[in-house]
Protein chains: 2
Amino acid sequence: MNALDQSFAALADPTRRAIIARLAEGEATVQDLARPFSISQPAISRHLKVLEEAGLIETRIKGTARPRRLKPDAVEALWDWLGQYRALWETQFQKLDAVLDGLSDEAGQAPSGNPERSTS
Amino acid sequence: MNALDQSFAALADPTRRAIIARLAEGEATVQDLARPFSISQPAISRHLKVLEEAGLIETRIKGTARPRRLKPDAVEALWDWLGQYRALWETQFQKLDAVLDGLSDEAGQAPSGNPERSTS
DNA sequence: TTGCTATATAATCTGTGCATTATATAATGG
DNA sequence: CCATTATATAATGCACAGATTATATAGCAA
């Protein structure tokens, strides 16, 4: 499981996204997190472990407590991956393909030797 | 399972991200996708179903083929969610918290070497 | 019709995720 | 040392993810 796998998988759980949202306001301990989520303490600890193994949060030690915080730069890889496709995702490339295919279907042939997509 | 759940979960699989990468170049059929990934055709169909149910891709019908393409605006919700926290994620808020706690801790005891370790 | 191609669906197996309760570990205070 | 607090880990059950093979459906073509 690579980093992107782990990051995306970690964020696929709504409880874990809620934990992220809470940590965006500042550090929180397991107790802090277990209370509002009405979920057992071991379950929270496990979610935190998943988030930490994904590199999204980090832990420090303060007495018996283990306050978690967002790990700087953790979201960059995700941001970059999405950003890489975001522009394409929104463009009309796909629609252009559809139009060309539609033309060649309905007209019986493609005009001037361009039957397939042109991506560049 | 809400939309973000499905989108993040869909992108947590490397095969599905590779499918997205391929579709960013243009439409592709199940055959087109099954070939380079050396994975069975039913497996590809299932991955495509997951991506489509997550709202990330869409299907059109062309004869017996069902070419898939990226669905416009599909990535916006993910982008927005990440963007919502991205700034905070990178800031020194967390470090400030740590420094303050560290000060109050160390005020009463001598730090022998490294008082705080991070778990892993 | 018959048959070929493209895709979807069913059945099945295996692994993993997420929850619980019970228990172990670690730091702190009396 | 002992008790308390904070957290982690173990054992377990259950549901779902992802792969395969086998089969069904749908369009096209001879």
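Chain letters run A, B, ... following the sequence lines, proteins first, then strands; residues in each count from 1.
- Between B:His47 and D:dA19, a side-chain N or O to OP1/OP2 separation shorter than 4.0 Å is present.
- Note on residues 41-62 of chain A: no pairs pass ring-ring contact (aromatic ring centres under 6.0 Å, His included), not counting sequence neighbours.
- Residues B:Ala21 and A:Tyr85 come closest through the heavy atom pair CB-OH, 3.1 Å.
- Residues satisfying the side-chain hydrogen bond (donor to acceptor under 3.5 Å, both in side chains) test with B:Ser7, not counting sequence neighbours, are none.
- Listed by first and then second residue, the ring-ring contact (aromatic ring centres under 6.0 Å, His included) pairs that reach into residues 8-42 of chain B are B:Phe8-B:Trp81, sequence neighbours excluded.
- Going from atom CZ of A:Arg60 over to atom C1' of C:dA26 covers 17 Å, rounded to whole Å.
- One can place CG of A:Leu11 at 16 Å from C1' of C:dG17, the figure rounded to the nearest angstrom.
- We find that CE of A:Met1 is positioned 13 Å from C1' of C:dG15, with the value rounded to whole Å.
- Look at CD on B:Gln31: it is 12 Å from C1' on C:dC4, rounded to the nearest Å.
- Proximity of residues 36-44 of chain A to DNA chain D (heavy atom under 4.0 angstrom from any strand atom) is restricted to A:Gln41, A:Pro42.
- Cluster annotation: A:Val50 and A:Leu11 are assigned to distinct hydrophobic clusters (Ile/Leu/Val/Met/Phe/Trp/Tyr, side-chain heavy-atom contacts under 4.5 Å, transitive).
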Query raised in the report: Which nucleotides of nucleotides 24-30 of chain D have their base under 4.0 Å from a protein heavy atom (B), which only their sugar-phosphate (S), and which neither (-), written as one string 5' to 3'?
Result: ---BS--
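- For A:Ala9, the side chain to side chain contact (heavy atoms under 4.5 Å, CB included) test picks out A:Met1, B:Ala12, with sequence neighbours left out.
- The side chain to side chain donor-acceptor pair (under 3.5 Å) pairs that include a residue from residues 33-42 of chain B are B:Gln41-B:Ser45, where partners are two or more places apart or lie in different chains.
- Distances shown here put a side-chain N or O of A:Arg68 below 4.0 Å from the OP1 or OP2 atom of D:dA8.
- The two residues A:Lys71 and A:Gly55 have their closest heavy-atom pair at CD-O, 3.4 Å.
- Regarding A:Arg35, its CZ atom lies at a distance of 13 Å from the C1' atom of D:dT5, rounded to whole Å.
- For the segment residues 2-10 of chain B, the set of residues with a heavy atom within less than 4.0 Å of an atom of DNA chain D is empty.
- For the helix from C:dT1-D:dA30 to C:dG30-D:dC1, the angle separating the two terminal helix axes comes to 10°, with each axis derived from five pairs and the value rounded to 10°.
- Applying the 4.0 Å criterion to OP1 and OP2 of D:dG18, one finds that B:Arg16 has a side-chain N or O inside that range.
- As a whole-Å value, the separation of A:Asp13 CG from D:dA15 P is 17 Å.
- For the side chain to side chain contact (heavy atoms under 4.5 Å, CB included) test, no residue two or more places apart in sequence or in another chain qualifies with B:Arg46.
- A:Leu23 is not listed as a side-chain neighbour of A:Leu51, based on a closest heavy-atom distance of 4.5 Å or more.
- Taking B:Thr64 as the reference, nothing meets the side-chain hydrogen bond (donor to acceptor under 3.5 Å, both in side chains) condition, with sequence neighbours excluded.
- Closest non-hydrogen pair, A:Leu4 versus A:Leu78, comes out as CD2-CD2, 3.9 Å.
- When rounded to the nearest whole Å, the span between CG of A:Leu48 and P of C:dA19 equals 12 Å.
- Summarising the geometry of B:Gly63 relative to B:Arg66, their closest heavy-atom pair is O-NH1, 3.4 Å, with the distance given to 0.1 Å.
- Listed by first and then second residue, the salt bridge (charged side-chain N to carboxylate O under 4.0 Å, His left out) pairs that reach into residues 15-24 of chain A are A:Arg17-B:Asp5, sequence neighbours excluded.
- Atom NZ in B:Lys49 sits about 17 Å away from atom C1' in C:dA6, given to the nearest Å.
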